[in-house]
Amino acid sequence: MPTLQSHDHKGSDEDEQFYGKEIQEVRSELAGLRSEIRRFIEHASRQNVDAALSGLRREYADLFIGQNLSDAGQRLQERMIRDCPMRERCYAVFYEFLKASAEHIRDGEVSEEVVRSYRDRLATMRKAGKLESCATCFAETNRLFEKQLDLMRTLGVYRENKETSSSIADLPGEVLVREILEPLANRHRFRIVQALAAESQTFSSLSNLTDLRGGNLLFHLKKLQDAGLILQRHERGDYIITDKGYKALTGIGTLYAALGP
């Protein structure tokens with residue numbers, strides 16, 4: 001009888017080891033499956049963002065370009081040296097330069113080489129300017145060109161090949177706080193960006209999602225828009241996440257996974 005009890009006890013231990021191993025294998029498979037599902041969702045979201053931005057560019061390219069050039073023309077008129085004898089001629093040259101670069105908003109992708117060619121062109125023009133006052137007008141033209149590049153980045157047209165900084169000290173703290181950390185350091189705004197990463201949303205749907213109404217919701221949406229994290233298709237249209245917004249969100253997800261819950 002004692003032998004039988006010993007045998008039963010031994011069999012129980014073997015069963016526990018067997019099922020324990022099976023459970024561990026199932027857990028490993030589930031973990032792998034979760035990772036695959038996560039990657040699929042992120043890939044699908046990335047495709048949704050690219051498709052939305054591509055459609056936005058096609059549908060509203062003329063509007064984006066028109067608004068950009070209207071603003072550029074007004075800024076040049078206001079800030080170029082007024083009593084310069086070359087003012088009208090230089091205005092035409094600067095405006096044509098900005099008009100040519102703005103047309104790239106229609107493109108699916110603008111390379112570093114294309115952007116560099118415009119920078120080189122502007123530098124060559126600057127060397128030709130002999131007057132001391134030329135610096136003011138060229139500085140304004142360069143600022144307006146950089147503003148165009150910001151719009152292209154937001155629309156996913158221009159994606160720079162930036163190397164990761166090797167030093168924490170090199171991180172632009174003020175810019176990071178203003179354009180990423182502060183806009184997303186609010187549960188309502190973070191939830192909005194999360195929702196837009198999956199699909200576009202109307203003002204009404206975002207209101208239901210956040211329980212914010214009217215001006216309160218508009219305040220948070222403007223914060224995200226000013227930071228370049230989201231866009232509105234057109235006045236009163238749906239909201240979508242930008243390329244910058246999607247990268248910021250996935251970066252936060254990577255950081256969270258690395259730090260652990």
Side-chain angles (χ1 to χ4, degrees), residues 42-76 90-128 137-165 172 175-176 178-180 183 193 196-197 200 224-234 237-251:
E42 289 178 356
H43 178 67
S45 297
R46 173 74 268 167
Q47 287 183 324
N48 287 339
V49 171
D50 287 341
L53 290 175
S54 178
L56 192 67
R57 287 194 299 269
R58 288 194 305 271
E59 189 172 357
Y60 299 108
D62 289 340
L63 179 61
F64 283 127
I65 293 170
Q67 287 182 338
N68 182 271
L69 290 178
S70 175
D71 177 67
Q74 181 179 346
R75 296 291 182 179
L76 286 174
C90 288
Y91 173 86
V93 172
F94 291 148
Y95 187 83
E96 284 303 312
F97 171 86
L98 294 169
K99 182 179 179 181
S101 57
E103 284 295 324
H104 289 287
I105 292 174
R106 302 182 194 277
D107 300 341
E109 183 176 356
V110 176
S111 67
E112 292 278 7
E113 289 73 21
V114 169
V115 173
R116 193 178 303 115
S117 71
Y118 277 94
R119 294 192 194 280
D120 291 344
R121 180 178 165 187
L122 192 59
T124 301
M125 290 162 57
R126 176 66 185 93
K127 289 179 181 179
C137 299
F138 274 98
E140 181 60 24
T141 303
N142 184 69
R143 190 190 70 80
L144 292 170
F145 176 63
E146 292 298 327
K147 187 175 180 181
Q148 286 183 347
L149 292 182
D150 285 339
L151 176 57
M152 292 179 193
R153 290 186 188 98
T154 298
L155 293 172
V157 176
Y158 176 42
R159 298 176 183 177
E160 298 163 282
N161 298 322
K162 292 184 178 179
E163 294 184 2
T164 302
S165 174
V175 175
L176 286 173
R178 183 179 67 249
E179 297 187 3
I180 298 176
V193 177
L196 295 179
S200 63
L224 294 171
Q225 287 178 285
D226 290 345
L229 299 173
I230 68 171
L231 274 176
Q232 190 175 20
R233 290 184 188 273
H234 53 81
D238 291 355
Y239 291 88
I240 66 170
I241 193 170
T242 65
D243 185 66
K244 176 182 176 180
Y246 186 83
K247 286 179 179 176
L249 195 62
T250 53

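What's counted below: heavy atoms across the whole structure, side chains too, no hydrogens, waters or symmetry copies.
- Residues Gly228 and Thr242 share a closest heavy-atom pair of O-OG1, 2.6 Å.
- The minimum heavy-atom distance between Leu144 and Asp71, with the atom names listed, is CD2-OD2, 4.4 Å.
- Of the possible donor and acceptor atoms, one in the side chain of Thr124 sits under 3.5 Å from a partner among the backbone N and O of Asp120.
- Using a 4.5 Å heavy-atom threshold, the side chains of Ile240 and Leu196 count as separate.
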For this session: List the steps and the verdict of salt bridge (Lys or Arg N to Asp or Glu O under 4.0 Å) for Asp150 and Arg153.
Result: CA-CA 5 Å; Asp150 285 339; Arg153 290 186 188 98; 2.5 Å; yes
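- The ring-ring contact (aromatic ring centres under 6.0 Å, His included) test applied to Phe97 returns Tyr118, Phe145, not counting sequence neighbours.
- Residues Ala227 and Glu179 approach most closely at CB-O, 3.5 Å, considering heavy atoms.
- How far CD1 of Ile105 is from CG of Leu151: 4.5 Å, rounded to the nearest 0.5 Å.
- Side chain of Ser200 to backbone of Tyr239: no donor-acceptor contact under 3.5 angstrom is found.
- Here the closest heavy-atom approach between residue Lys244 and residue Ile180 is recorded as CE-CG1, 4.5 Å.
- Leu69 CG to Glu96 CD: the interatomic distance, rounded to the nearest 0.5 Å, is 9.5 Å.
- The side-chain heavy atoms of Val157 and Arg106, taken from C-beta on, include no pair separated by under 4.5 Å.
- Donor-acceptor pairing under 3.5 Å is lacking for the side chains of Tyr158 and Glu109.
- Residues Leu76 and Tyr95 share a closest heavy-atom pair of CD1-N, 4.2 Å.
- Take Arg143 and apply the salt bridge (charged side-chain N to carboxylate O under 4.0 Å, His left out) test, not counting sequence neighbours, and it matches Glu140.
- Of the inter-residue distances, the one linking Leu231 atom CG with Asp238 atom CG reads 12.5 Å to the nearest 0.5 angstrom.
- For the atom pair OG1 (Thr141) and CE (Met125), the distance works out to 6.5 Å, reported to the nearest 0.5 Å.
- The minimum heavy-atom distance between Cys137 and Phe94, with the atom names listed, is CB-CE1, 3.7 Å.
- Using a 4.0 Å cut-off between charged nitrogen and carboxylate oxygen, Arg119 and Glu112 do not count as a salt-bridge pair.
- The main-chain N or O of Leu98 is found under 3.5 Å from a side-chain atom of Gln148 such that the two form a donor-acceptor pair.
- Leu149 CG to His104 NE2: the interatomic distance, rounded to the nearest 0.5 Å, is 10.0 Å.
- Ser70 contributes no side-chain N or O that, together with a main-chain N or O of Gln67, makes up a donor-acceptor pair within less than 3.5 Å.
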